[in-house]
Every structure is written in structure tokens, then in C-alpha cells.
Novice: 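Following this message is one structure expressed as C-alpha cells.
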Amino acid sequence: MKRIWSKGASILLMSAMVGGLLIGCTNTPGTGDGGEGKEGETSYKLKILHNWNGSSGSDNGMTPVEQVIKEKTGVTLEWEYTKGSETEKVNQIFATQNLPDIYTGPAWGGELDGIIKAAKEGQLVDISDKLSNYPNLMKSIAPENVPPALYEKAIDAYDGKKYLLLQNQPATNEDGMDWLYGFYVRKDIAEKLGVDPQSVKTKEDFYNFLKKIKDANLQENGQPVFPLGGFSNGWAVGIGNTMFYSGASYVDKGDGTVEHNFFTKGYEEYTLFYRKLIEEGLLDPETFTQTDPIAKEKINQGRIAILAAHYPAILDASKEYASAHPGSEFVPLGPLERADVEPDRPVDLAIQGNNVTAITKNCKGECVDAALKFLDFMASDEGFMLARYGVEGVHWEMKDGKPVAIQEWFDKFSTDTNMKLRKNEGISIGLESLTGLDRINSAAGGDIWADQERVAAMENARKILRPNGIHVITAYNPGDVITKAPEWEMLKPSMDRMGDAWKEAVFAKSDEAALSIINELREQLRNTGYDQAMKFTNDNLKGKDIVTVQMPN
Amino acid sequence: MKNRLENSRLWKKIWQHKLFYLFMLPGIVWFFLFSYVPLYGIQVAFRDYTFIGGFTGSPWAGFKYFEQFFNYYQSGDIIRNTVIISLMKLLIGFPMPIILALLLNEVRKIRFKKTIQTLSYLPYFVSWIVVVTLMQRLLTPYGGPVNDVLSMLGADPIQFLNNPTWFYQMIVGSDIWKNIGWNSIIFMAAIAGIDQQLYEAAKMDGAGRFRQMWHITLPGIRNVAIILFILAVGNLMSAGYEQLLLLNGPATASIGSVLDVHAINSGIREGRLSYAAAVGLFQSIIGLILILTVNRIARKVSDVSLF
């Protein structure tokens, strides 16, 4: 009897294990799969991949903002957020065919290349014949609203078909977001060392200031203070490049053609300058390998004297330390000299759409119409303000034709440091990536949730760092043209190595070793068709206005 | 006739021990699903993979991606780094679990032995991301406890990570720490299977504990060690993806860039799936050749082999 029980139990166990293995390998369709998201007469469920690393949504299911969207468009949303590399995510979803209904993500780099490849290989829905029914979407990709090279590369690149929508490009100049990238120093440290942050102008001044901080042997909680640091994976310590060359990826050779900055003398000087900073302990050696929490921990412990990044990120990261240590807030350094440009030149900023959206082939029939209706609503003025400000009458109201925050919510949001409260209401959950042209000032009266102290700090930094104003770049970017060269497939892997090669050179044992790393890659670039691809690019850009000067934004 | 008879005997034997064979079933299904079914994907290495064509519909590309790999300016360095790191792990890391198993076998206090065994297994279950984060916290020269102790002893702080001088020590050391306990299980099992009468006889002949270990325990686990060594040699072209991805930095790239990370980066980060498949296939073919070679050598030298 005992034996029978034992046998029975064994067989049951085996069956469960094998069954589990097999079930685990099967693909169960989710709610949005196959575009079969119809929930009832009045609702259609769409699965959206918000491909921005670190983005997140509400903890409480459907938010009040999403409830309004459901009422207006009949669409309910199921979100997926990316944790990790956005480029990897794009490649992964198309390689595994685990597709959302709507994809939305960065309009640059490998992410954009991946989504363009997907469009060319039949993975996205052609919306060209339906666009005329959706005026807000049409407007967002009208030729006059998209930078020309980007239009040719991503929007109008498929023999008359249309797959991608672009978002967040400024509707007017006043809507252009200047993130105020730069070097920012702790005010108390500058004062302690007797250095006026605005007196630091040249690269020599910058180096001397870092050296002065190092020599002061500053300590915070028993730990040394690094003269210069950044955020995760080295962001954005490399922005000192504009002191060595014009800052654009492709620079003017002086003969009417352009070349990649990687081949310039300025790039070598830039690399060797940073190598010196690492060698002399002026730049945090962990900055290129550290994670975001470790980077922020250092800032919060007061262990970084000068930070390189955009100002909003610096204000957010240093908020806690600055409120506990009054007078220790980060203030702008410089403005630092710019190489190869007139000193009174306005700052050249690329303020173009940062987001592309597409409907994938997973969405078919009714799903496409539901998706377009939803996206068109989000791109309307009503959708724009809903995504940014919340529900009218609940979170904000119109006064004298302008949106004004309801005080109760303004007070709540002003203490909402981790954004959880906002997200639970449906603000900053990814909908802001879908709202067409950015018209935060021209149509939405300015950000109603902005913290006044922060606005004042940004204004102060703007006055210091932009004494000659800004110039919004509208010219052709050679980087968008070179991708059409026949050699691009061979060349791209070598181009993708540039960032890594620069970091390796910065950590090289000697200047010679650093230059050898750069030169080896230059040779590889030439061997994989760089010269031919550049000729193609220059030929295609002949007579056109080209971006050859650019500051980070 | 003879063959048919042998076949029928084999089936009879299998039926007699059906319960044991049933226990093998999940393993067989697992191998079939995860090791044999994906083999059809190898063809991607010889195709220009497109999303729309998939594995079977993409156009043939011949050896284009293998050529690209061998023409890549760093392919020589990457292969060299992979072999060096793998060899170090093999030569230094392989004997470690044997030593641990031998040491544990000599421990007489069962409770102490079990505690040490359990503690040594634990790191195996910790993911590399956690291990590397721990290493970063413990070894940083800026407030890490290891460097604090060094400075208390009057030594200068040491940058252990992202430093070519300490790179191999960190890679091999962390690999041993993570896997030593788990890998020792099989040797512990082999030791447990040694006939106790041999030890009794050796004791009566006056053999001390070291002599017993040398003449009984070590020969007793010799065959298992050879089999595991042959299998380990097959992984010589694979230095460990997660560990190297996390522990290799810009300062150590010249000695720390390996095939596994190169393949994954090319495939997932750059979207060059055919190229990544070609690199992966190259690793597998070299691995297979190594296994066949070492297996043959082992059979000639010691009569022990996989097949």
C-alpha cells in the first residue's frame, strides 16, 4: 500500500514538473495582444510601452487622468515601463515579437534607429491613409514642425508611408526648453576657497579651480570631497568638450565640408584634458561606472564640489543636502569659454522633439482606430493640459483664460519629492510623452506646478550662462544623413564604439596610450567606410545649412 | 538477431527501473526544450536577420558575419582576454572546490561542518548584480570597510575595482567566492561514496589523516574531477557574461573585454542579431572542439572520459 502511495506521489510530482515546464514555455496572449483589446461596448484596452528608462506609473490602478481619457476616447491604458537600456528594449521587443500596441520612446540614437528599422521591416502600422482624420497628429509631423534631416530620416522615409509620430518639439520659441547644461559648484565651497564662480572662464581657470579644491583637502563625514563628479555612467561630466571644439558631432573642416569631431585635434586635447583630471584625482574615478543611487548618495552626502549635468537634475539631487546645509546650493560656474566660436555668439541649442510614437503590428483593425483616436486626443490642447496639469476642476481651473493650480493640490505636490502623489493622480506617468508639440508656455500658460524657488534659481542660472541668449538650431544634422550612406551598416558598429573608446582613453596609463586608443578606432572607422560615408554625407548636404556648432541640451 | 535481443533487454531494464527513468523526464524535457529546440536558431548566424523574415525567412548571408567579426579591430584582443580569464578561472578556480570538499571531509564536528557547507553554498544563489554592488561598497577607497582597515594598518588606500592592477584578482576571487560551495557538492557526494573499509584498512596500516586523504580520498574522486575538468574546458571561450559586464570598466577594458559581453552588446544593444549569433556560434564550436580534444586525451591518459 505504502509503495502504491509512493509511486503515485512520484508520478504526480513528475507530471507537475514536466507540465509546469511546458506551460512555462507557452505564450499566453495578454490583454492587448493581437489587438484584441476590446473590453466592452464603450472601452478599448491599449498596451503602451513607455520606453524611457526609469519612468514609472501609478500604484493605484486607473488614475483620475486616465479616467478622463476613458470618458473622452473610450480607451483604457495598460502601461509597461522600461527599466534599463532603451535601445536594448527596442531591439528586444521586435526580436521576440513581444509587442505592445503603442510604442513611445526617445527620438534619438539607437532607439530611433531601432524603431526606423522596425518601420522598414513591416513591424509598424502605416497610418498615412488615416492621418487626415486626426488633425492634431498631422500637425505634429507636418514638415514645418520637424527638423529637416529628422523629417527625411524618420518621418518621410518610407515611400509615402507614415509610421512615426514626433512629440515635444517646441510649438514656438518661447516653448523651447533650455535645460541649462553646465558645471555647477557648491556655493559654500567656492566661498570658502575665495573663488568667484563667474571668474572661472577658461579651461586653465577650470583646471586651477579643481586643483584648488583638491589641495584644500575638503572632507565631508570623514570622506574626501571630489572636485568634479557626475551622475550615473558618467553623465554628464564630458560636457567640457565645448572648450576644445565647437561641440557638434560634425564640425566644419573649413573647406565647406564637415568631419566627425572624433577626427579633430580638439577631440584629442579634450581627451587628454580629462585624462589629466583622472590622473590627478580631480575627477571622481567612479563616475563612469557608478549607478544612479550611488551618484545621488555622494551628492546627498556633500562629497562632490562641482557637478556637471543639466540644472534641474542638479537641483533635484542636491535638494536634501542644500536644505540641511543652508548656503550649500549648487550655482553656475562660468560661463566657460567655447572653442571655435565668437565670444558673443548665442548658445546654440538643439531643441527638437525628444519622443517618437508608433502603433505596432500587434494592433490591428479597430485597435488602430482606437489608438489613433487616443493619440489625437492627447495631442490636442485639452489632452496636453490633462497630461501635464491633471483634471480640470479637480487639480486646476481656468482663471482669466489661464490655467491656475488649485491651492490644495499645489501644496500637496510641492512636498511630493518622489512624484508618487502626482503619478497616482495620472501626471508624469508617460502621457506627457504623447502630447504632440510642446506648447507649455504658448498655449498652457507656463508650468502651473513649478516651485517658485526653483524657477528663480533657473532664471538666475539662465542670466549667467546665457548672456547672449540662445539660438535654436534648425539646420540639417549630418548625423541624420550619414545613416543613409551605403557604408552605414559596416560603419555603425565602429561609430558606436566612440563613447567607450573615449572613456578608455581617459583612463589610459599615459597620453601616448590614450592617443593610441583614439587612433586605433580612427583607423577602424576608415577601414569600415568612414571616408566614403562622409563623402556621401557632404555631397548630400551641399548647399544646405548644416549644424556645426552645438551646446548640450 | 543479437541486436534485437539486446534492445529488448534494454527496454526490459528501463521498464524495471521506470520510476528512476521517470525522475529523469523533467531533465530530458528541459534539455530538449532549452538546448536542442533553439539549435535551429543557429542559422541566423548565416542570414541577414530581419524582424519581418525572422529565423527562417531572412535572406542568406553566408559567412559575412564571421568575416566581420574576424576583421573587427579588437577581435584578437577580445579572444585573448576571454581565454586568459577563462584559463585563470579554470586553473585557480577548479581545484578550490576539491580543496574545500577535502577539508570539510576532515571536519569531525557534524554541526560545524553543516554550517560551513551551508554558508559556502549561499553566495551561489546571490546574483552577480548583488555581488558586484557588495564589492563596490566594501572595496571603495572612499569609505569602504576594507580600505578603512588598510588605512588603520597604515597602508595607502587601494582602488580595487576599475583598476588593471587588481582586475584579475577581483574577477577570479569573486568567481571562486561565489561558486566554491556549490561546486564542492559533487565532490562531497563522490567522497561520501568511497568505501569506509578502505579508511579502516589504511588506519590499521598506520596511515595518518593526510596519507588517507592522499591515497584514498583523492583517488576516490579522481574520475569525477576528470569528468568535470573536461566539461569546464568546454567553457574556455566563455568567461562569464554578467560578472564581466559588471566588473569591467573603461580602465580595464583592454584586458576585460570578452566574447560573451561583445556578443550580447552587439545583439541587444546594437541590434546586430546575426553578428551576435555568429560570435556565439564561434564560441560554441571552439568549445566543442576543446571538449572533444580533452576528452580524447583524458581517455588515453586515464581511461576516464565523457564518451
Side-chain angles (χ1 to χ4, degrees), chain A residues 6-7 10-11 13-14 17-18 20-22 25 85 87-88 90-92 94-95 97 110 113-114 117-118 121-123 221-224 226 234 278 284-286 288-291 294 298 303 489-490 492-494 496-497 500-509 517 520-521 523-524 527-528, chain B residues 18-30 32-34 37 44 48-54 58 68 71-74 77 129 132-133 136-137 140-143 148 157 159 161-164 246-254 257 264-273 275-276:
Chain A
S6 157
K7 271 189 181 179
S10 304
I11 289 166
L13 192 66
M14 285 308 106
M17 285 171 78
V18 176
L21 197 67
L22 292 171
C25 292
S85 158
T87 309
E88 288 181 18
V90 176
N91 292 323
Q92 183 211 320
F94 292 110
Q97 291 293 299
D113 291 343
K117 180 174 150 68
E121 294 183 9
Q123 302 296 299
N221 295 323
Q223 297 299 317
F226 290 108
I278 285 282
D284 176 6
E286 294 179 339
F288 294 104
T289 49
Q290 70 195 357
T291 57
I294 289 181
K298 285 178 185 169
R303 288 167 54 202
E489 191 198 333
M490 278 293 285
K492 186 178 175 292
S494 317
D496 288 343
R497 272 279 304 152
D500 287 341
W502 181 77
K503 286 181 195 169
E504 288 164 27
V506 164
F507 280 94
K509 280 182 182 160
I517 291 171
E520 275 177 23
L521 182 55
E523 201 184 324
Q524 169 71 5
N527 289 340
T528 48
Chain B
K18 54 186 178 295
L19 213 57
F20 295 112
Y21 280 100
L22 199 60
F23 271 102
M24 280 171 62
L25 194 60
I28 291 168
V29 172
W30 188 90
F32 179 72
L33 285 179
F34 294 104
V37 173
V44 171
D48 271 325
Y49 179 82
T50 60
F51 295 139
I52 195 162
S58 300
Q68 273 187 19
N71 289 333
Y72 182 57
Y73 81 118
Q74 290 191 316
D77 295 343
I129 186 78
V132 172
T133 307
Q136 285 171 343
R137 295 280 180 183
T140 175
Y142 315 106
D148 283 353
Q159 176 91 38
L161 300 178
N162 202 25
N163 179 354
L246 296 162
L247 280 175
N248 186 26
T252 56
S254 59
S257 299
I264 298 276
N265 279 348
S266 308
I268 306 293
R269 201 164 80 174
E270 297 169 12
R272 300 161 66 208
L273 295 166
Y275 177 85

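Scope of the values below: all heavy atoms of this structure, side chains included, with no hydrogens, waters or symmetry mates. Because the structure is a prediction, the values reported are computed rather than measured. Note on naming: letters A, B, ... go to the chains in the order of the sequence lines (proteins, then strands), and numbering restarts at 1 for each one.
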Novice: If the condition is salt bridge (charged side-chain N to carboxylate O under 4.0 Å, His left out), which residues does B:D148 pass it with, not counting sequence neighbours?
Specialist: none

Novice: Looking at A:Q223, A:K503, A:M490, which has the largest count of heavy-atom pairs under 4.5 Å with chain B?
Specialist: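 Result: the option with the highest number of such pairs is A:Q223.
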
Novice: Name all residues meeting the salt bridge (charged side-chain N to carboxylate O under 4.0 Å, His left out) criterion together with A:E286; count only those two or more places apart in sequence or in a different chain, and write none if there are none.
Specialist: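 Residues passing salt bridge (charged side-chain N to carboxylate O under 4.0 Å, His left out) with A:E286: A:K298.
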
Novice: Looking at A:I294, A:T528, A:D113, A:I517, which has the largest count of heavy-atom pairs under 4.5 Å with chain B?
Specialist: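 Among A:I294, A:T528, A:D113, A:I517, the one with the most close pairs to chain B is A:I294.
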
Novice: For the atom pair CG (A:N527) and OH (B:Y72), what is the distance rounded to the nearest 0.5 Å?
Specialist: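 One gets 12.5 Å once the value is rounded to the nearest 0.5 Å.
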
Novice: Quick check on A:L521 against chain B: is it the side chain, the backbone, both or neither that has a heavy atom closer than 4.5 Å?
Specialist: both

Novice: Where does A:Q92 contact chain B at under 4.5 Å (heavy atoms): side chain, backbone, both or neither?
Specialist: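 Neither; nothing under 4.5 Å.
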
Novice: Examine whether an atom of A:P493 lies under 4.5 Å from a heavy atom of chain B, and if so say whether it belongs to the side chain, the backbone or both; otherwise answer neither.
Specialist: both

Novice: Hey, could you give me the CG/CD distance between B:N71 and A:Q524, rounded to the nearest 0.5 Å?
Specialist: 8.5 Å

Novice: Could you tell me whether A:R497 and A:E520 make a salt bridge, using a distance below 4.0 angstrom between a side-chain N and a carboxylate O?
Specialist: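 Between A:E520 and A:R497 there is no salt bridge, as every charged N stays at least 4.0 Å from the carboxylate O atoms.
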
Novice: Regarding A:D496 and A:K492, does a basic nitrogen lie under 4.0 Å from an acidic carboxylate oxygen?
Specialist: yes

Novice: So which part of A:E489 gets closer than 4.5 Å to some heavy atom of chain B, the side chain, the backbone, both or neither?
Specialist: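 Looking at A:E489, just its side chain touches chain B.
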
Novice: With a 4.5 angstrom heavy-atom cut-off, is it the side chain or the backbone of B:T140 that approaches chain A, or both, or neither?
Specialist: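 B:T140 touches chain A through backbone and side-chain heavy atoms alike.
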
